[in-house]
2 protein chains.
Amino acid sequence: MFVPMDDVEIFKALGNKNRLQILTWLKDPEQHFIDYMPACGDIDVGVCVGHIHKKSGLTQSTISEYLSVLHRVGLVSATRIGQWTYYKRNEETIARLGNLMNTL
Amino acid sequence: MFVPMDDVEIFKALGNKNRLQILTWLKDPEQHFIDYMPACGDIDVGVCVGHIHKKSGLTQSTISEYLSVLHRVGLVSATRIGQWTYYKRNEETIARLGNLMNTL
DNA sequence: AACATACATCGATAATTCCCGATATACCTA
DNA sequence: TAGGTATATCGGGAATTATCGATGTATGTT
């Protein structure tokens, strides 16, 4: 097989406008989340579920599920700190997918 | 919007293992289609539906539909010659998508 | 312990997608 | 024109996805 089956799942994850939107928001948190604040000192762990939820207009459960989908296929990382879970783009996966398109 | 809505449709098209497989087959027709023969002299127009159908194990109608999906989102070109329709990868779209991943 | 907050999971319904068989359409040949 | 071949389209059942409200679980506060 030329394209690992996993890549199909990544494309499925990207084939939803809300999930794709979330991924673009996470590209530039300062711009997209008014009350965004780096959570962990100098280490940037991303944006917490609640912020994304409030911006999205979808329900909390849907956003939680979508973030878990993005996480499962490796498009974002997840960091639990206290009662918050912070999600952050996984640029390696995204870049790898960009390269994959060239060799696909 | 940062990502054009159309790109979501492209990701949906790629989010199916059979369609993704077809796209990889079309990358190298000589290798994947035993009885492949350039149809149009020196201009390569791609592979006809029947060849893809026979290799796929899916029904003719399904393959025709899948090729039409890939065509609608711009991932392949379609050239009708006589009673055959030849499909060929649209490398521009694929390359553009690769670049998009970097700016996504 | 009791309660509040943040997130995840469950259960359900509507919408979409997958893939099929049947049929229609286009083209070619005799 | 009649018949054959290649592809496209239609209609549908099963499977998957989208999205919700309700509930569960972990953590923090008093």
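The chains referred to below are lettered A, B, ... by the order of the sequence lines, with proteins before strands, and numbering in each begins at 1.
- In terms of position on DNA chain D, the residue among Gly82(A) and Glu9(A) whose nearest nucleotide sits closer to the 5' end is Glu9(A).
- Following rounding to the nearest Å, Phe11(A) (CZ) and dT17(C) (C1') show an atom-to-atom distance of 18 Å.
- With no hydrogens or angles considered, no side-chain donor-acceptor pair links Ser64(A) and Ser61(A) at under 3.5 Å.
- At least one side-chain nitrogen or oxygen of Asn18(B) sits closer than 4.0 Å to the OP1 or OP2 atom of dC19(C).
- A sub-4.0 Å separation between OP1 or OP2 of dT17(C) and a side-chain N or O of Arg19(B) is absent.
- Residue Asn16(B) places none of its side-chain N or O atoms closer than 4.0 Å to OP1 or OP2 of dT16(D).
- DNA chain C is contacted by Leu58(B), Thr59(B), Ser61(B), Thr62(B), Tyr66(B) of residues 57-70 of chain B, taking any non-hydrogen atom closer than 4.0 Å.
- For the pair Asp7(A) and Lys17(B), the salt-bridge criterion is not met [side-chain N within less than 4.0 Å of a carboxylate O].
- Ring planes of Trp25(A) and His32(A): tilted class, angle from 30 to 60°.
- Rounded to an integer number of Å, the gap from NE2 of His53(B) to P of dC19(C) is 15 Å.
- Rounded to an integer number of Å, the gap from Ile81(A) CD1 to dT5(C) C1' is 16 Å.
- Looking only at distances, no side-chain donor or acceptor of Arg19(A) sits under 3.5 Å from a matching main-chain atom of Gln21(A).
- Between Lys12(A) and Arg80(A), the residue anchored closer to the 5' end of DNA chain D is Lys12(A), taking for each the nucleotide with the nearest heavy atom.
- Pairs engaging residues 85-95 of chain B under the salt bridge (charged side-chain N to carboxylate O under 4.0 Å, His left out) rule: Arg89(B)-Glu91(B) [sequence neighbours left out].
- Ring geometry for Phe11(A) versus Phe11(B): interplanar angle under 30°, hence parallel rather than tilted (30 to 60°).
- The CD atom of Gln21(B) sits 15 Å away from the P atom of dC18(C) (whole-angstrom rounding).
- Candidate nucleotides dT5(D), dA8(C), dA8(D) were compared by shortest atom distance to the side chain of Gln83(B), and dT5(D) ranks first.
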